[in-house]
There are 2 protein chains.
Amino acid sequence: MTAAPPKSLTRNQSLVLSALRAGGTPQGAYALLDGLRDQGLRAPVQVYRALERLQALGLVHRLESLNAFVACSHDHGGTEDAEATPGPAVFVICEHCAATRELTDPIIGGRIERLARTEGFGLHTSSIELRGLCAVCTAREAEETETTADP
Amino acid sequence: MTAAPPKSLTRNQSLVLSALRAGGTPQGAYALLDGLRDQGLRAPVQVYRALERLQALGLVHRLESLNAFVACSHDHGGTEDAEATPGPAVFVICEHCAATRELTDPIIGGRIERLARTEGFGLHTSSIELRGLCAVCTAREAEETETTADP
DNA sequence: GATGATATGTTATAATATAACACTTCATCC
DNA sequence: GGATGAAGTGTTATATTATAACATATCATC
Ligand SMILES: [Zn+2]
Ligand SMILES: [Zn+2]
Ligand SMILES: [Zn+2]
Ligand SMILES: [Zn+2]
């Protein structure tokens with residue numbers, strides 16, 4: 001699904017978005033740059049500029065705790081589009097394998113809005129990032145502990 | 001309240017914590033360093049090391065979206081301490097004046113835990129940061145718009 | 001074809017964070 | 001008391017992430 005680019009992206013923007021979608025895990029600006037050198041990109045600022053625009057379009061999120069970026073895997077309902085996913089993105093980030101899932105939870109969203117309202121706070125953006133061990137890595141760790149268990 | 005240092009902090013750790021508590025808003029590591037030069041600190045790594053320990057003790061939080069640090073203004077219930085505040089820290093950050101409040105919300109906390117459980121995710125830490133305009137700055141902005149209103 | 005808005009490319013630099021290594025301090029064990 | 005080990009310190013150098021400044025290019029619109 002993931003909603004095709006709504007407006008026309010420029011060349012650099014398309015390149016960066018494709019690179020982000022290709023890589024399964026969050027990528028830093030310099031990693032993106034390295035991957036796009038053969039496509040003609042030369043300097044960090046080119047990547048940062050594309051990322052800035054992509055974020056503004058809601059196609060990309062920045063993972064603050066990682067200094068990295070991911071392609072959005074939802075429709076957060078920026079326009080009149082039906083079936084928008086309610087609530088802000090909640091990122092679940094594995095500290096071991098870097099696998100990252102983007103979830104949403106309307107209750108968290110509502111709660112946050114309520115909180116902001118109570119504070120008289122004009123909410124612009126929210127960043128919610130959960131860090132820990134993903135299911136796969138948890139299983140693998142348990143396995144290893146078993147194997148290496150001191151008897 | 002804010003709970004006095006539970007174990008003995010070292011000199012550098014105390015200095016950094018005091019500096020954080022003194023400044024009302026989040027401070028970057030280099031700003032902290034500059035403020036502590038006359039106390040004998042010389043190099044960034046000294047500040048980062050102190051911050052690392054203080055974070056581990058739960059006395060300091062890192063604001064990921066700001067690359068800055070604040071002293072914790074809650075008791076998140078690390079030990080057997082009674083009257084611990086339930087739920088993870090929710091930071092409300094003004095993008096205009098940098099004023100930052102640390103709140104908690106047990107419902108958000110519960111929801112996050114539930115979400116992690118559903119994913120089979122072993123949750124270590126969570127970072128929740130809301131950005132926008134604080135009440136003061138919202139009021140001031142409205143005022144200015146009034147005054148500068150095109151008639 | 002002038003104007004303005006947006007995107008680009010290039011070079012240099014700022015801001016944030018860590019690596020590596022030598023030395024000190026302090027508790028513990030023998 | 002001296003050996004041992006863990007934690008903290010200080011110092012220098014370097015890595016990583018992000019932006020400033022400036023010149024040029026592209027495209028739509030008038
Ligand atoms: Zn998204
Ligand atoms: Zn994992
Ligand atoms: Zn706190
Ligand atoms: Zn404000």
Side-chain angles (χ1 to χ4, degrees), chain A residues 5-20 23 25-57 59-70 93 95 98 100 125 127 129 131, chain B residues 5-20 23 25-57 59-70 93 95 98 100 125 127 129 131:
Chain A
K7 310 215 163 172
S8 69
L9 298 178
T10 69
R11 171 180 160 76
N12 287 359
Q13 289 157 16
S14 298
L15 285 172
V16 169
L17 182 55
S18 300
L20 275 178
T25 53
Q27 297 178 77
Y30 282 75
L32 288 166
L33 175 58
D34 282 345
L36 291 171
R37 281 198 193 278
D38 18 355
Q39 319 293 325
L41 291 212
R42 303 292 186 83
V45 70
Q46 300 178 283
V47 175
Y48 281 108
R49 287 201 279 230
L51 286 169
E52 188 176 21
R53 182 97 175 87
L54 291 168
Q55 284 179 264
L57 291 174
L59 296 172
V60 160
H61 297 286
R62 175 187 167 82
L63 294 174
E64 303 288 354
S65 68
L66 241 44
N67 292 336
F69 305 84
V70 284
I93 304 166
E95 289 173 325
T100 296
T125 66
S127 144
E129 303 180 11
R131 322 210 13 163
Chain B
K7 308 217 164 169
S8 68
L9 297 178
T10 69
R11 171 180 161 77
N12 288 359
Q13 289 156 16
S14 297
L15 286 172
V16 170
L17 183 55
S18 300
L20 274 178
T25 54
Q27 298 178 77
Y30 282 75
L32 288 166
L33 175 58
D34 283 344
L36 290 171
R37 280 198 193 281
D38 18 356
Q39 320 292 324
L41 291 213
R42 302 292 186 85
V45 70
Q46 298 177 283
V47 174
Y48 282 107
R49 289 201 278 229
L51 286 169
E52 188 177 20
R53 183 94 176 89
L54 291 168
Q55 283 178 265
L57 291 173
L59 296 171
V60 161
H61 297 286
R62 174 186 169 84
L63 294 174
E64 303 287 354
S65 68
L66 242 44
N67 292 336
F69 305 83
V70 285
I93 304 166
E95 289 173 325
T100 296
T125 67
S127 145
E129 303 180 12
R131 321 209 15 163

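Every chain is numbered from 1, with letters handed out A, B, ... down the list of sequences.
For the pair L32(B) CG and dA15(C) P, the computed distance is 16 Å after rounding to whole Å. In this structure, CG of L17(A) is placed 15 Å from P of dA7(C), rounded to the nearest angstrom. Atom CG of L36(A) and atom C1' of dT8(C) are 15 Å apart (whole Å).
The phosphate of dG9(C) (OP1 or OP2) has a side-chain N or O of N12(A) nearer than 4.0 angstrom.
Within residues 42-52 of chain A, the residues that place at least one heavy atom under 4.0 Å from DNA chain C are, in residue-number order, R42(A), A43(A), V45(A), Q46(A), R49(A).
Chain B approaches DNA chain D within less than 4.0 angstrom (heavy atoms of the protein), and the contacting nucleotides run 5' to 3' from dG8(D) to dT12(D).
For Y30(B) and dA14(C), a side-chain-to-base donor-acceptor distance below 3.5 Å is absent, hydrogens and geometry of angles not being considered.
Annotation: side chain of V70(B) is not in contact with side chain of V60(B) (no heavy-atom distance under 4.5 Å). For the pair E129(B) and E64(B), the minimum side-chain heavy-atom distance is below 4.5 Å.
Without hydrogens or angle criteria, R37(B) side chain to R42(B) main chain gives a donor-acceptor distance under 3.5 Å. Between the side chain of T25(A) and the backbone N or O of G23(A), no donor-acceptor pair lies under 3.5 Å. Within the 3.5 Å criterion, the main-chain N or O of A19(B) finds a donor-acceptor partner in the side chain of Q27(B).
The number of heavy-atom neighbours closer than 6.0 Å to CD of Q39(B), taken from other residues, nucleotides and ligands shown, is above 12.
Using modelled atom types and a 3.5 Å distance limit, the side chains of S127(B) and R131(A) yield no donor-acceptor pair. At a cut-off of 3.5 Å, with distance as the only test, a side-chain donor of N67(B) or R62(B) sits close to an acceptor on the other residue.
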